[in-house]
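Below is one structure; the comments refer to it alone.
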Amino acid sequence: MSSFAEKMIRWQESYGRHHLPWQNIRDPYVIWVSEVMLQQTQVTTVIPYYLRFLQRFPDLNSLASASLDEVLAQWSGLGYYSRGRNLHRTAQLIVRDHQGIFPEKVEVICQLPGVGRSTAAAIAVFAYGARCAILDGNVKRILARCFGIERYPGERKIEALLWQKAQELLPEQGEKDVNGGIEAYTQALMDLGATVCTRIKPKCAICPLQSDCTAFRNDAVGRLPAPKPRKPMPERETVLLMLMAQGKILLEKRPARGIWGGLWCLPEMPVSENAIEYCARHFGMEVQPLPPRIPSFVHIFTHFRLRIHPHPLQLNLSSSATTGDHIGVERMWTTLADALTVAIPAPVAKLLNMAVASRNA
DNA sequence: AAACCGGGGAC
DNA sequence: GTCCCAGGTTT
């Protein structure tokens with residue numbers, strides 16, 4: 001029965017990546033550069049940039065004394081340029097405040113611009129062999145699956161739990177010397193996450209943690225880690241006027257751009273308005289409510305929910321049915337049956353069908 | 001087009 | 001502290 005860390009370290013020995021350009025180097029400067037480049041960027045993308053960057057800026061002093069423009073030129077194409085700016089700024093900060101010596105304590109490393117808790121831990125591990133836990137996207141995914149954590153890992157309490165797990169799972173001192181210790185273990189997490197415990201199509205069949213993995217046991221690998229909860233879409237409201245006269249209903253053509261672009265639609269009115277006044281003002285029509293009242297309903301769009309308040313109205317006989325004040329807005333009076341044959345949005349079709357049904361009732 | 005991502009900044 | 005986003009890439 002071997003521990004989590006032992007399994008990971010053994011797996012790393014046989015199946016992990018051992019010849020990445022920043023491996024087997026103890027220089028905190030190059031490890032720092034590589035870890036920052038590896039934030040949100042895959043290994044294969046990073047490698048050529050890393051090699052060029054180190055050729056041009058082989059040590060901290062060369063980076064600190066370069067111009068920002070030159071640093072960004074080297075960074076060009078890698079994306080997330082604030083990383084490049086922070087790298088340059090940090091190099092100058094280390095020269096100024098730390099006598100040009102890269103800090104050794106993880107608490108200090110963590111304060112460097114562009115270096116957070118996980119990146120600081122990775123640097124401390126690979127540069128100094130410190131026994132620190134990392135928790136990047138790969139590790140979150142591994143732990144969420146292994147421990148069957150159902151909630152979104154970005155939640156504050158869940159993230160705190162994951163940090164705690166990550167800390168607890170670190171190899172013991174005894175496990176250290178034999179197998180390459182904390183460095184191999186940390187690299188194992190990164191490599192397993194990148195090559196086996198991937199977000200989609202994970203290779204559970206060859207995973208060293210299969211027998212420990214709660215998600216695998218429960219056939220839950222596909223839905224863990226839980227995705228970020230979609231923030232509830234904003235809800236908007238509108239009134240759709242169902243203006244009826246002599247068996248016909250008034251439709252308006254929507255502007256080409258925007259919601260329901262170019263479709264025929266019921267006239268839209270802000271919920272803050274009074275329908276009778278609004279019709280008088282906009283259409284020059286005298287109207288009265290036309291029972292029955294239709295309950296409001298919600299229509300779902302990609303970016304928002306639209307609560308639609310249908311408002312059936314009868315045009316008074318004495319009133320004109322032809323006037324309008326919106327220059328350029330096409331309008332037509334049409335039978336319900338004909339309205340259903342032209343291009344109309346789904347919720348409008350629903351309302352027209354309801355109107356047909358209530359008339360036939 | 002939708003999900004994802006470490007750090008940073010706003011509060 | 002805590003919440004949320006800018007700025008990108010990947011699927």
Side-chain angles (χ1 to χ4, degrees), chain A residues 22 31-50 53 68 71-91 93-94 103 106-126 132-145 149-167 186 189-203 215 221-234 259 261 300-305:
Chain A
W22 45 84
I31 289 164
W32 166 56
V33 170
S34 73
E35 289 302 330
V36 170
M37 286 186 168
L38 287 164
Q39 289 171 181
Q40 286 130 315
T41 311
Q42 294 183 163
V43 163
T44 53
T45 308
V46 163
I47 287 175
Y49 286 89
Y50 169 85
F53 196 93
L68 177 57
V71 174
L72 291 179
Q74 291 295 320
W75 203 270
S76 175
L78 202 47
Y80 304 102
Y81 295 92
S82 65
R83 295 183 298 172
R85 281 192 292 274
N86 280 146
L87 218 55
H88 183 239
R89 189 175 137 212
T90 299
L93 183 148
I94 293 175
V106 70
E107 301 83 10
V108 181
I109 299 172
C110 197
Q111 298 308 309
L112 302 174
V115 178
R117 182 169 171 187
S118 188
T119 302
I123 296 169
V125 166
F126 294 125
C132 297
I134 61 164
L135 188 66
D136 63 6
N138 285 328
V139 182
K140 282 182 183 170
R141 189 168 55 249
I142 293 168
L143 298 185
R145 284 174 175 162
I149 293 168
E150 299 280 344
R151 311 209 43 151
Y152 170 59
E155 257 176 71
R156 195 172 53 80
K157 290 174 111 161
I158 301 302
E159 191 158 1
L161 173 69
L162 291 169
W163 273 114
Q164 189 193 326
K165 289 282 185 198
Q167 187 69 40
T186 304
L189 285 172
M190 295 174 167
D191 291 355
L192 192 79
T195 64
V196 173
C197 195
T198 48
R199 184 158 70 87
I200 59 172
K201 290 202 196 162
K203 302 175 180 62
V221 176
R223 59 182 171 77
L224 293 183
K228 183 186 176 113
R230 302 295 291 150
K231 65 171 112 178
M233 286 183 281
I259 178 179
I300 314 273
F301 288 91
T302 324
H303 302 89
F304 62 94
R305 299 153 49 90

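Chain naming here is simple, since letters A, B, ... match the order of the sequence lines and numbering starts at 1 in each.
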What does the list of N/O pairs under 3.5 Å between the protein and nucleotides 8-11 of chain B look like, with a distance for each?
from, atom 1, to, atom 2, distance (Å)
dG8(B), OP1, G114(A), N, 2.1

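- With hydrogens and angles ignored, the 3.5 Å screen pairs a side-chain donor or acceptor of T90(A) with a backbone N or O of N86(A).
- Annotation: side chain of W22(A) is not in contact with side chain of V33(A) (no heavy-atom distance under 4.5 Å).
- As a whole-Å value, the separation of K140(A) NZ from dG6(B) P is 7 Å.
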Side-chain donor-acceptor contacts of residues 112-126 of chain A below 3.5 Å, not counting sequence neighbours, with atom names and distances?
from, atom 1, to, atom 2, distance (Å)
S118(A), OG, L135(A), N, 3.0
T119(A), OG1, Q39(A), OE1, 2.9

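- DNA chain B is contacted by both R117(A) and P227(A); P227(A) maps to the nucleotide lying nearer its 5′ end (nearest heavy atom per residue).
- Protein atom CG of L224(A) is 12 Å distant from nucleotide atom P of dC4(B), rounded to whole Å.
- Under the salt bridge (Lys or Arg N to Asp or Glu O under 4.0 Å) criterion, R223(A) pairs with E150(A), not counting sequence neighbours.
- D191(A) is linked by a side chain to side chain donor-acceptor pair (under 3.5 Å) to R17(A), Q187(A), counting only residues two or more places apart in sequence or in another chain.
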Give every donor-acceptor pair under 3.5 Å between a side-chain atom in residues 155-163 of chain A and any protein atom, sequence neighbours left out.
from, atom 1, to, atom 2, distance (Å)
E155(A), OE1, R151(A), NE, 3.2
E155(A), OE1, R151(A), NH2, 3.1
E155(A), OE2, R151(A), NE, 3.2
E155(A), OE2, R151(A), NH2, 3.1
E159(A), OE2, K140(A), NZ, 3.4

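- Every side chain to side chain contact (heavy atoms under 4.5 Å, CB included) that Y49(A) has, sequence neighbours left out, goes to M37(A), R52(A), L78(A).
- Rounded to a whole Å, the CD1 atom of I109(A) is 17 Å from the C1' atom of dG6(B).
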Nucleotides 9-11 of chain C: which of its N/O atoms have a protein N/O under 3.5 Å away?
none

Between L189(A) and I142(A), does the side chain to side chain contact (heavy atoms under 4.5 Å, CB included) criterion hold? Intermediate values first, please.
CA-CA 8 Å; L189(A) 285 172; I142(A) 293 168; 4.3 Å; yes
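- dG8(C) atom P lies 18 Å from atom CG of L38(A), rounded to whole Å.
- Closest to the side chain of Q39(A), out of dC5(B), dC3(C), dG6(B), is dG6(B).
- At least one side-chain nitrogen or oxygen of R156(A) sits closer than 4.0 Å to the OP1 or OP2 atom of dC3(C).
- When every heavy atom of V71(A) is checked against every heavy atom of G84(A), the shortest pair comes out as CG1-O, 3.8 Å.
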For DNA chain C, the dot-bracket pattern of Watson-Crick and G-U pairs whose distances stay under 3.5 Å, | for other-strand partners:
|||||.|||||
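- With sequence neighbours left out, the side chain to side chain donor-acceptor pair (under 3.5 Å) criterion links R83(A) to T41(A).
- dG1(C) atom C1' lies 17 Å from atom CH2 of W163(A), rounded to whole Å.
- Under the salt bridge (Lys or Arg N to Asp or Glu O under 4.0 Å) criterion, D136(A) pairs with no residue, sequence neighbours left out.
- dA3(B) atom P lies 11 Å from atom OH of Y152(A), rounded to whole Å.
- The separation between I134(A) atom CD1 and dG7(B) atom C1' is 16 Å, rounded to whole Å.
- Rounded to an integer number of Å, the gap from E159(A) CD to dG7(B) P is 10 Å.
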